Amino acid sequence: MQEPAITPELIEAHGLKPDEYERILEIIGRTPSFTELGIFSAMWNEHCSYKSSKKWLRTLPTTGPQVICGPGENAGVVDIGDGRAVVFKMESHNHPSYIEPYQGAATGMGGILRDVFTMGARPIASMNSLSFGSPDHPKTRRLVHGVVEGIGGYGNCFGVPCAGGEVRFDPAYNGNCLVNAFAAGLADADKIFYSAASGVGMPVVYLGAKTGRDGVGGATMASAEFDETIEEKRPTVQVGDPFTEKRLMEACLELMQTGAVISIQDMGAAGLTCSAVEMGDKGKLGIRLDLEKVPCRETGMTAYEMMLSESQERMLMVLRPEKESEARDVFEKWDLDFAIVGETIAEDRFLIMQNNATMADLPLSELASSAPEYDRPHVETPQADPLADVPQIDAIDGLKSLISSPNYAAKQWVYEQYDTQVMADTVRTPGIGSGLIRVHGTDKILAFTSDVTPRYVKANPQQGGRQAVAEAYRNLTATGAKPLASTDNLNFGNPEKPEIMGQFVGALRGIGEAVSALDMPIVSGNVSLYNETDGQGILPTPTIGAVGLIAHEDDIIGTEVRDGHMALVLGATEGHLGQSALLTEVFNRDDGDAPYVDLDLERAHGDFIRENREYIKACTDLSDGGLALAAFELAEGSGVGVHIDMEDTPTLFGEDQGRYLIACNFDQAEALMVNAGQAGLIIHSVGRFGGDTVSFGHSSAPLEELSALYRGAFAEQLG
Amino acid sequence: MRAAVLVFPGSNCDRDMALALERAGADVSMVWHKETALPDGVDVVGVPGGFSYGDYLRCGAIAANSPICRSLAAHVERGGYAFGICNGFQVLTEMRLLPGALRRNAGLKYICRNVGLRVETRDSAFTSGYEVGQEISVPIAHHDGNYFVDPDTLNLLETSGRIAFRYTDNPNGSLGDIAGVLSENRRVLGMMPHPERASEPSQGGTDGAAFFDGLLGALAEA
């Protein structure tokens, strides 16, 4: 078949800028073939090359004694003691989910699960951080239903419990929803599998599902803004098959036990191209592929289509040749394709053959490492003015407004569509704070959370970046866990705009400061840029996924409050209402600065909670909606009322950072106050749990009425 | 007591079921779907939850025709004990070892949450650990748990005490609030809820433990 000639239009259609094309000509010294152009565009798009973000990602702290493997592999690996490791990452599937919500979200789950089991870990937990447009925007309901069903449809069949996540709504996401999927797995710390190939003449093996034409050019699509032609992009979205993924996982884990695997890499964005180049580049080897050996679902597929297909549930592996028949047996047992499609070669070449014709012949290391890198101009977000006037509202009216908004209403409509208990190790299902999953066969518990407050990041990227990490730290701490490490999923608009790049740079500065101060290094992550439609960007949304460890089940801090428990707040309340949930939801205002995050204080408060866990019956952090929402959620979750002594708006709804709400009995409260005094920390009694009403000073309402509102609002508006 | 847990390529509650059986004291073998015989001396066969063959067709329809299910049918034919949980219940109805069918949930959504069950009979090995009328809390996790059966069979199930569990607050539209049923000889049970997910304190509930303890106790006496 004759390949098309290279024209300026074709180059532009591949998302390559004229200077980038010049660079290709310099590297190979001739005009590329059509397949070669496709390969370059796959490797050099923003999604795969991180060309706008790399410079800043390098500044993030990524190391620590607990880190076994940081960014650069399929997922990060963190030591949890006793020879075991937790392997995790978060990744976006924003663009495909907006175009085709069910399959976009489903394959997002598939991709992140593959990233984890490729490393040799069995997935044990997932989370999803979802951002949608305004609840009354005509597209939102369909997107919510499709995305939630897609996540459930894939994860439930695969068999991984959902441990938590976030769902938010803001008009800034009307044209671009965000689907950030997190997965974590468990592995033996000395049996982690990496992607670097080694040895010349080793067979390159294709595993899993067959290759079709789905997803051709997906990564390039995900590196562009949307406009009115969006519907034409549906064919670039892949279709997921969780049953095949489940078998692929079982087969890979079984194969890894045999010692047959030299290196392994999943085929994600830019499929065969990206996975082969990565294995070769990391091993300083060349790769030859014979495309006629690739198992195909459709006839007549061209080299271009095969190299750019994003068909799901596929893996590439370099095999020990003497183990071939043993390896083949494993895959036949699970009824999956197993085909030797090429070999490692000594020369630095990425050589693509099809029926003995050379379809591409490129210098592999340059293809991998000489992707353009930009130092994009950026302008710092200007310092926000403090809040001009501080609103007042009746406390119960304020609370009702918050809990009847889908942003702060109970999310059981979402979580009940996910299997949260498969594998039978779930200790705490999603609801309040972090999800808890037991390390199978032990008394250890892993805690999982994902957090970010995009309106803070927009107002003040640095403090917003810090706050995303600090809130994750607090959510882990409130369960009694020691935070271990984090993964970041950085969702922003068009990086070619200096103000967007300024948000990115500022947020990364804040994230870096916080993960350093709180000892939660970034071990994996993903960047999603160009989340814009018709020039309108999303709120900057750097999602932080974090994992913590509880040494023994008995050390878990609960969430159940009882009649008569005291309510204490650790940390000073100054009533910061700028950029607060109350201001946004009730007053439709987005003014003021984001709250300041004092990282030393965060750390001191976290340590205090862990050291004093024996005096704490239940604990939650104070975040969106401040003391009022935290007190209500904690009380409602246990079906008891609560009385808070104060009723002024800034005290109840202010979002000062570094605070926790604690429930305990009288004697324990005394002990906490003494210990806090000795540590120089501020702790106050703010009220008492019990009864069947929720009251703030003189403002009160029956718990039952509020509970109905809180539990019904989401389904009523979006169900 | 010897138990076998069937493993289909898409089973994902097989380990959970095996652990619950072991915790109750059973000696458990995992049996791959391509096997053509059950291990010798098996007293009870468990068909676990999950998505046996992906369930892109009717849930459990392909599993019902797998090699190991022929052996399961023969085991039941001989009067052997068997139970299916969730997808396992779907497989047992597809095999016609239990009456009825599991349709899509009335709300058309997958549901995972704790539900209340009322024990309707203790006249079976599987329910002997409970009291009649006892209310227990056990999780469900399914998209197709809406039990349906023709009126004559429903009447027969009701009058012969073959309804094992009913939902106290029907989550999925099941006819007669039915959550689990027994075969005519009371040695085969199918149920949608997951007792293996509520069989130790750290799972947040232990109401499912009596299912396995009762089963082991009854078979020891049998």
Side-chain angles (χ1 to χ4, degrees), chain A residues 122-123 145 148-149 151-162 241-251 332-336 412-431 436-438 440-445 552-554 556 558 560 715 719, chain B residues 7-20 22-23 32-35 48-57 59 62-63 66 85-87 105 107-115 138-144 171-172 193-205 208:
Chain A
R122 179 175 288 272
H145 280 249
V148 171
E149 277 167 33
I151 290 168
Y154 206 99
N156 299 345
C157 178
F158 179 85
V160 63
C162 173
D241 174 3
F243 175 57
T244 296
E245 177 106 332
K246 156 81 173 161
R247 291 181 293 143
L248 185 61
M249 185 251 312
E250 297 289 356
E332 279 173 7
K333 173 186 165 189
W334 290 94
D335 299 312
L336 290 164
Q412 84 276 10
W413 183 90
V414 175
Y415 294 122
E416 288 183 2
Q417 295 188 54
Y418 306 150
D419 194 334
T420 51
Q421 293 162 314
V422 63
M423 303 182 92
D425 282 315
T426 301
V427 175
R428 188 179 297 169
T429 54
L436 300 179
I437 305 274
R438 182 173 50 185
H440 189 69
T442 74
D443 295 317
K444 287 184 182 175
I445 306 287
H552 193 279
E553 243 177 274
D554 298 342
I556 296 173
E560 202 177 343
Chain B
V7 184
F8 301 102
S11 297
N12 59 32
C13 304
D14 44 333
R15 185 185 77 178
D16 313 352
M17 179 183 272
L19 280 177
E22 280 170 1
R23 208 176 290 119
W32 186 236
H33 65 117
K34 291 179 186 173
E35 297 288 333
F51 289 69
S52 43
Y53 285 85
D55 289 345
Y56 297 120
L57 292 174
C59 300
I62 295 181
S66 65
I85 291 174
C86 199
N87 190 225
N105 294 343
L108 304 182
K109 301 270 187 215
Y110 185 96
I111 310 169
C112 176
R113 65 162 177 257
N114 286 329
V115 297
V138 175
I140 54 166
H142 59 247
H143 212 150
D144 300 84
N172 55 23
H194 286 274
E196 80 279 18
R197 294 187 185 184
S199 56
E200 56 170 321
S202 56
Q203 291 170 330

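Quick caveat: nothing in here was measured; it's all calculated off a predicted structure. Note on naming: letters A, B, ... go to the chains in the order of the sequence lines (proteins, then strands), and numbering restarts at 1 for each one.
Here the shortest heavy-atom pairing between A/Val422 and B/Asp16 reads C-OD2, 4.1 Å.
Each of B/Cys112, B/Cys13, B/Ala198 has some count of heavy-atom pairs under 4.5 Å with chain A, and the biggest count is that of B/Cys112. Chain B forms the most heavy-atom pairs under 4.5 Å with one residue out of A/Gly152, A/Gly153, A/Ala424, A/Cys157, and that residue is A/Cys157. Of the listed residues A/Asp425, A/Thr420, A/Asp241, the one with more heavy-atom pairs under 4.5 angstrom with chain B than any other is A/Asp241. Listed options A/His145, A/Arg247, A/Lys246, A/Gln421 were ranked by heavy-atom pairs under 4.5 angstrom with chain B; first place goes to A/Gln421. Annotation: maximal heavy-atom pairing with chain A below 4.5 Å, among B/Gly10, B/Pro9, B/Ala141, occurs at B/Pro9. Each of B/Lys109, B/Glu200, B/Lys34 has some count of heavy-atom pairs under 4.5 Å with chain A, and the biggest count is that of B/Lys109. Ranking A/Val427, A/Thr429, A/Leu436, A/Asn156 against chain B, the residue ahead of the rest is A/Asn156, based on heavy-atom pairs under 4.5 Å.
In this structure, B/Gln203 has no side chain to side chain donor-acceptor pair (under 3.5 Å) partners at least two apart in sequence or on a different chain.
Rounded to the nearest 0.5 Å, atoms CH2 (B/Trp32) and CZ (B/Phe8) are 10.0 Å apart.
Residue A/Gln417 touches chain B through both its backbone and its side chain, counting heavy-atom pairs closer than 4.5 Å. Contacts of A/Thr426 with chain B are made by backbone atoms alone, with heavy-atom separations under 4.5 Å and no side-chain atom involved. Contact of B/Ser11 with chain A is made through the backbone alone, with heavy-atom distances under 4.5 Å. Both the backbone and the side chain of B/Tyr53 come within less than 4.5 Å of a heavy atom in chain A. Using a 4.5 Å cut-off between heavy atoms, A/Glu149 touches chain B through its side chain atoms alone.
Taking 4.5 Å as the limit, some side-chain heavy atom of B/His142 sits within range of a side-chain heavy atom of B/Asn105. Under the 4.5 Å side-chain criterion, counting only non-hydrogen atoms from C-beta, B/Phe51 is not in contact with A/Pro242.
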Fill in: Verdict with reasoning, A/Ile556 to A/Arg428, per side chain to side chain contact (heavy atoms under 4.5 Å, CB included)
CA-CA 10 Å; A/Ile556 296 173; A/Arg428 188 179 297 169; 3.4 Å; yes

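The backbone N or O of B/Leu108 sits less than 3.5 Å from a side-chain atom of B/His143, completing a donor-acceptor pair.
Defined by atom type and a distance below 3.5 Å, a donor-acceptor pair is missing between the side-chain atoms of A/His440 and A/Arg122.
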